[in-house]
Visitor: 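Got a structure for you, questions after.
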Number of protein chains: 2
Amino acid sequence: MKWTDLDDNWCPVARTLSLVGDRWTLLILRDCFLGMSRFDQFADSTGATRHIVSDRLKRLVEAGILEKSAYSDRPKRYEYVLTERGQEFAPALIAFRDWGKKHLPVRRPTQA
Amino acid sequence: MKWTDLDDNWCPVARTLSLVGDRWTLLILRDCFLGMSRFDQFADSTGATRHIVSDRLKRLVEAGILEKSAYSDRPKRYEYVLTERGQEFAPALIAFRDWGKKHLPVRRPTQA
DNA sequence: TGCACTAAGTTCCAAATAAGAACTTTCATG
DNA sequence: CATGAAAGTTCTTATTTGGAACTTAGTGCA
């Protein structure tokens, strides 16, 4: 079975993952919760390629998890902000954060 | 940046996702919470290929999230059970389940 | 006018993963 | 001895990712 066919799975966990379960997607949402909203911020912060950031933002907008709106008209510039249903991913991200803090201490701390 | 380099990221969400953020992995954990423990059960239930189930189980065991043990000696047969730290993914799965139940009602219900 | 610079993407190619089916190994049962 | 189950492995093809370069539509000087 293809991953993309999970969208109409009987299981709500599977249906949710069909939207946010791809690589990098949840890290982009994490950045949204940290106040980021622009393309370059997501690319720099997550480390995902621009190609992937572009794909994920498009799909998150289509899923109604992020909202895209212009913050400048000339030149046209857009920003991405969590919708109400997007905000409701907070519990999931907090759960992952807590698990990581408890079970995965950093080995070699990030140097500057 | 490669996805696999997230294991020593400063962010605990990223470190956690480097272990369980690949496609199918969280669905296998879901099945563990539903009481499943065998290779074929995971393959049938998730729909992932045997190749992927094999890879994910190996990595979950290496990460200390599942424990592999023999339930039969002849022929040798193994089962996979959540460790204590594995059990602690419950809040994350519950968060995804709740989000899906609330925001993603099934369109065409699974027919038999 | 012209040059450098910014933000937000898109495009292209090579490398890594996933999908699907068939095959293997080790027994148990009839 | 033939059939079948469980747990993987192997093989080939299709889809995704990773990395770098390129594009578009301006802005800010000098």
Side-chain angles (χ1 to χ4, degrees), chain A residues 1-9 14 17-29 31-32 35-63 66-81, chain B residues 1-9 14 17-29 31-32 35-63 66-81:
Chain A
M1 185 204 250
K2 273 180 290 183
W3 174 257
T4 47
D5 292 341
L6 288 178
D7 62 334
D8 64 341
N9 196 274
L17 289 175
S18 80
L19 297 184
V20 301
D22 283 297
R23 285 179 169 184
W24 306 107
T25 303
L26 285 168
L27 292 184
I28 288 176
L29 290 186
D31 285 349
C32 291
M36 297 182 194
S37 64
R38 299 183 187 176
F39 192 96
D40 282 8
Q41 290 179 312
F42 298 132
D44 293 346
S45 165
T46 63
T49 64
R50 312 176 71 72
H51 184 84
I52 289 176
V53 173
S54 176
D55 174 76
R56 300 299 190 271
L57 288 175
K58 189 180 309 167
R59 295 169 54 186
L60 286 168
V61 168
E62 280 168 12
L66 295 184
E67 190 177 21
K68 178 179 187 173
S69 60
Y71 70 85
S72 156
D73 266 341
R74 127 169 340 90
K76 274 285 186 188
R77 296 276 186 264
Y78 299 95
E79 66 178 354
Y80 300 85
V81 177
Chain B
M1 185 202 251
K2 273 180 289 182
W3 174 258
T4 48
D5 293 339
L6 289 178
D7 62 335
D8 64 340
N9 196 275
L17 290 174
S18 80
L19 297 184
V20 301
D22 282 297
R23 286 178 169 184
W24 305 108
T25 302
L26 285 168
L27 292 183
I28 289 178
L29 290 186
D31 286 349
C32 290
M36 298 182 194
S37 64
R38 299 186 188 175
F39 192 97
D40 282 10
Q41 290 179 312
F42 298 132
D44 293 348
S45 165
T46 63
T49 64
R50 312 176 70 70
H51 186 84
I52 289 177
V53 173
S54 176
D55 173 77
R56 299 298 190 271
L57 288 175
K58 190 180 311 168
R59 293 169 54 185
L60 287 168
V61 168
E62 281 169 11
L66 295 183
E67 190 175 21
K68 178 180 187 173
S69 60
Y71 70 85
S72 157
D73 266 340
R74 105 170 7 80
K76 273 286 187 190
R77 295 277 186 264
Y78 299 95
E79 67 179 354
Y80 301 84
V81 178

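Numbers restart at 1 for each chain; the letters A, B, ... are given by sequence-line order, proteins then strands. All values below were derived from every heavy atom in this structure, side-chain atoms included, with hydrogens, water molecules and symmetry-related copies excluded.
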Visitor: A:Y71 side chain: which of D:dT17, D:dG8, C:dA7 is closest?
Guide: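 From the listed options, C:dA7 comes nearest.
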Visitor: Measure the distance from CG on A:L27 to P on D:dG18 and round it to the nearest whole Å.
Guide: 11 Å
Visitor: It should be established whether A:S54 places a side-chain nitrogen or oxygen under 4.0 Å from OP1 or OP2 of nucleotide C:dT10.
Guide: yes
Visitor: Nearest heavy atom decides the nucleotide; on that basis, is A:D55 or A:P75 closer to the 5' end of DNA chain D?
Guide: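 This one resolves to A:D55.
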Visitor: If I take atom CG from residue A:D55 and atom CG from residue A:L60, how far apart are they, to the nearest 0.5 angstrom?
Guide: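 CG of A:L60 is found 9.0 Å from CG of A:D55.
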Visitor: In whole angstroms, how far is the P atom of C:dG9 from the CG atom of A:D40?
Guide: 9 Å
Visitor: Would you indicate which nucleotide in D:dG8, C:dA8, D:dT17 comes nearest to any side-chain atom of A:R56?
Guide: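 Of D:dG8, C:dA8, D:dT17, D:dT17 is nearest to the side chain of A:R56.
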Visitor: Whole Å only: how far is the NZ atom of A:K76 from the C1' atom of C:dT6?
Guide: 18 Å
Visitor: Distance check, rounded to the nearest 0.5 Å: A:W24 atom CH2 versus B:L17 atom CG?
Guide: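 If we round to the nearest 0.5 Å, A:W24:CH2 and B:L17:CG are 10.0 Å apart.
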Visitor: Map A:R38 and B:D73 onto DNA chain C by nearest heavy atom, then report which one ends up closer to the 5' terminus.
Guide: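 Looking at the nearest nucleotide for each, A:R38 comes out on the 5' side.
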Visitor: Take the protein atom CD of A:E79 and the nucleotide atom P of C:dG9, then report the distance between them rounded to whole Å.
Guide: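 Roughly 12 Å, once rounded to whole Å.
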Visitor: Please tell me which of the listed nucleotides, C:dT26, C:dG20, D:dG8, lies nearest to the side chain of B:T49?
Guide: C:dG20
Visitor: Please report the interatomic distance OH(A:Y80) to CG(A:L57), rounded to the nearest 0.5 Å.
Guide: 5.0 Å
Visitor: Does a distance-only test, which skips hydrogens and angles, find a donor-acceptor pair under 3.5 Å between the side chain of A:R77 and the base of C:dA7?
Guide: yes
Visitor: Is a donor-acceptor contact shorter than 3.5 angstrom present between the side chain of A:R74 and the base of D:dG26?
Guide: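 It does not, because no donor-acceptor pair links the side chain of A:R74 to the base of D:dG26 below 3.5 Å.
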Visitor: Expressed as a whole number of angstroms, how long is the span from B:K68:NZ to D:dG8:C1'?
Guide: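 Roughly 9 Å, once rounded to whole Å.
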Visitor: I need the NE2-C1' distance between B:H51 and D:dT13, as an integer number of Å.
Guide: 13 Å
Visitor: I need the CG-C1' distance between A:D22 and C:dA16, as an integer number of Å.
Guide: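 Rounding to the nearest Å, CG of A:D22 and C1' of C:dA16 are 15 Å apart.
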Visitor: Does the side chain of A:I52 come within less than 4.5 Å of A:F42's, by heavy atoms?
Guide: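 With C-beta onward as the side chain, the pair stays apart.
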Visitor: Nearest of C:dA19, C:dC27, D:dG18 to any side-chain atom of A:W3?
Guide: C:dA19
Visitor: Return no unless some side-chain N or O of B:K2 is found under 4.0 Å from OP1 or OP2 of D:dT16.
Guide: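 No, outside the criterion.
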Visitor: Using only heavy-atom distances, decide whether a donor-acceptor pair under 3.5 angstrom links the side-chain of B:R23 to the base of C:dT17.
Guide: no
Visitor: Round to a whole Å and report the spacing from CG of A:L57 to P of C:dT10.
Guide: 10 Å
Visitor: Does B:Y80 make a side-chain N or O approach to OP1 or OP2 of D:dG8 shorter than 4.0 Å?
Guide: yes
Visitor: Tell me whether B:R56 contacts the main-chain N or O of B:R23 through its side chain, where contact means a donor paired with an acceptor under 3.5 Å.
Guide: yes
Visitor: Heavy-atom distance under 4.5 Å between the side chains of B:N9 and B:S18, does that happen here?
Guide: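 No, too far: nothing below the 4.5 Å cut-off.
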Visitor: Select one nucleotide: of D:dT10, D:dA7, D:dT27, the one nearest the side-chain heavy atoms of B:F39.
Guide: D:dA7
Visitor: Using a distance-only criterion (donor-acceptor N/O pair, under 3.5 Å, no hydrogens), is the base of D:dA7 paired with the side chain of B:R50?
Guide: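 Flag set: donor-acceptor pair detected.
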Visitor: Tell me which nucleotide among D:dG8, C:dA18, C:dG9 gets nearest to the side chain of B:Y78.
Guide: D:dG8
